[in-house]
**Q** 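Encoded as structure tokens, here's the structure I'll be asking about.
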Amino acid sequence: MRIATWNVNSITARLPRLLAWLESSGTDVLCIQETKTTEEAFPTDALAELGYESAVRATGRWNGVAIVSRVGLADVVGGLPGGPEYDGVEEPRAISATCGPVRVWSVYVPNGREVGHPHFAYKLQWLKALRDAVADDAAGDRPFAVLGDYNIAPHDSDVWDPTAFIGATHVTPEEREALAALRATGLDDVVPRPLKYDQPFTYWDYRQLGFPKNRGMRIDLVYGNDPFRSAVSDAYVDREERKGKGASDHAPVVTDLTV
DNA sequence: ATGTCAATGTTGCATTGA
């Protein structure tokens, strides 16, 4: 079984590449972030033609998450129970479902914008709520994983130049401690292998030749429990999908399971 | 093969977020 996560940066803009990639990669379950569309405008029909069911949590211009599966899609829960609001709005950043033998979450963790910004406090609150919401499944016997754009680089080696991130979000002790608290529920990082270079970056800024210069970050993560990790046979970042015209600024992270 | 991209409102550019 092949499970992947991909921040597509608008499913509308990415649809041709998304459909082609699903077919060429043979992905069974894809966790999607930044759909940037309404649930009504989500391309449910186009995905159904390829044999995928869709579960979507989205409200429009910003954020939006989905899970698409060709191995079953049951017990869908939209949103993050107990999660904080931002500016009085519950943003669409989480959805979970059971796909065959595996339960998965697709998450788009708040960016944080700047250290000290209200969005940064919101990011930490959101991660705390996520930890509480997944604790039972993380400790369970069923393969379980939280996949998505965490907007955190777990280690200094997960950014192209740590000195370029001094004082920035995505690398602070507070954010990394929030990840550690999430791992303490029984989850751990399924680190993918890179297809080129040494570091498995998943995101490269569109600006300033980020991708050609390999100025990347590993911020799209797969956090699985013991039964999930025991079933992992391979994991890699499909950097080929970051190339060329019409690419997202994130590459898919692909995980193969023997279930 | 690469010196942003995408959605939306203030609409054919400016604004916002990433």
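In the text below, chain A, chain B and the rest are named by the order of the sequence lines, each starting its count at 1.
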**Q** Between B:dA7, B:dT4, B:dA18, which nucleotide has the shortest distance from any of its atoms to the side chain of A:Tyr206?
**A** B:dT4
**Q** How long is the line joining CZ of A:Arg61 and P of B:dT10, in whole Å?
**A**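 Those two atoms, CZ and P, are 11 Å apart.
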**Q** Say we look at B:dT8 and B:dG3: how far apart would their C1' atoms be, to the nearest angstrom?
**A** 26 Å
**Q** Specify the residue among A:Trp62 and A:Thr37 whose closest nucleotide of DNA chain B lies further upstream toward the 5′ end.
**A**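 On the 5' side of the pair lies A:Thr37.
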**Q** Nearest whole Å is fine: how far is B:dC5 P from A:Trp204 CH2?
**A** 16 Å
**Q** Tell me, with the steps shown, if A:Asp137 and A:Arg142 meet salt bridge (Lys or Arg N to Asp or Glu O under 4.0 Å).
**A** CA-CA 8 Å; A:Asp137 278 334; A:Arg142 174 172 56 177; 3.8 Å; yes
**Q** Please give, in whole Å, the distance from B:dG17 C1' to A:Asp149 CG?
**A** 13 Å
**Q** For the pair made of CG in A:Asn7 and P in B:dC5, what is the distance, rounded to whole Å?
**A**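 A:Asn7 atom CG is separated from B:dC5 atom P by 16 Å.
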**Q** Take atom CZ of A:Phe120 and atom C1' of B:dA18, then tell me their distance rounded to the nearest Å.
**A** 16 Å
**Q** Among B:dA1, B:dT4, B:dG17, which nucleotide sits nearest the side chain of A:Arg207?
**A**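 That would be B:dT4.
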**Q** Which part of the nucleic acid, if any, lies within contact of A:Ser248, taking any heavy atom under 4.0 Å across all strands shown: a base, the sugar-phosphate backbone alone, or nothing?
**A**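 Answer is nothing: A:Ser248 stays at 4.0 Å or more from every strand.
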**Q** When the P atoms of B:dA6 and B:dT10 are compared, how many Å lie between them, rounded to an integer?
**A**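 Pairwise P distance, B:dT10 against B:dA6, rounds to 23 Å.
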**Q** Salt bridge or not between A:Arg14 and A:Glu34? Use side-chain N to carboxylate O under 4.0 Å.
**A**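 Salt bridge: no.
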**Q** Starting at CZ of A:Arg242 and ending at P of B:dT2, how long is that distance when rounded to a whole Å?
**A**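 My rounded result for the distance is 11 Å.
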**Q** Calculate the interatomic distance between A:Asp249 atom CG and B:dT2 atom P; express it in whole Å.
**A**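 Taking CG of A:Asp249 and P of B:dT2, I get 16 Å after rounding.
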**Q** Report which part of the nucleic acid A:Tyr108 touches: base, sugar-phosphate, or nothing (heavy-atom distance under 4.0 Å, all strands).
**A**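 Touches sugar-phosphate only.
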**Q** Name the closest nucleotide to the A:Ala13 side chain, picking from B:dT4, B:dA1, B:dA6.
**A**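 When the side chain of A:Ala13 is considered, B:dA6 is the closest of B:dT4, B:dA1, B:dA6.
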**Q** Can you find a pair of side-chain heavy atoms, one from A:Phe144 and one from A:Asp136, that are under 4.5 Å apart?
**A**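 Answer no - side chains too far apart.
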**Q** If the cut-off is 4.0 Å, is A:Arg113 near the phosphate of B:dA18, judged by side-chain N/O to OP1 or OP2?
**A** yes
**Q** Starting at atom OH of A:Tyr197, determine the distance to atom C1' of B:dT2, rounded to an integer number of angstrom.
**A** 11 Å
**Q** Would you mind telling me which residue lines up with the more 5' stretch of DNA chain B, A:Arg14 or A:Glu34, judged by nearest nucleotide?
**A** A:Arg14
**Q** Shared ILVMFWY cluster between A:Phe42 and A:Val8, side chains joined below 4.5 angstrom?
**A** yes
**Q** If you only use heavy atoms from C-beta on, which nucleotide in B:dT4, B:dA7, B:dA1 is closest to the side chain of A:Ser10?
**A** B:dA7
**Q** For B:dA7 and B:dG12, measure between their C1' atoms and round to the nearest Å.
**A** 15 Å
**Q** Is a side-chain N or O of A:His117 found less than 3.5 angstrom from the main chain of A:His119, in a donor-acceptor match?
**A**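 Flag set: sc A:His117 to bb A:His119 pair under 3.5 Å.
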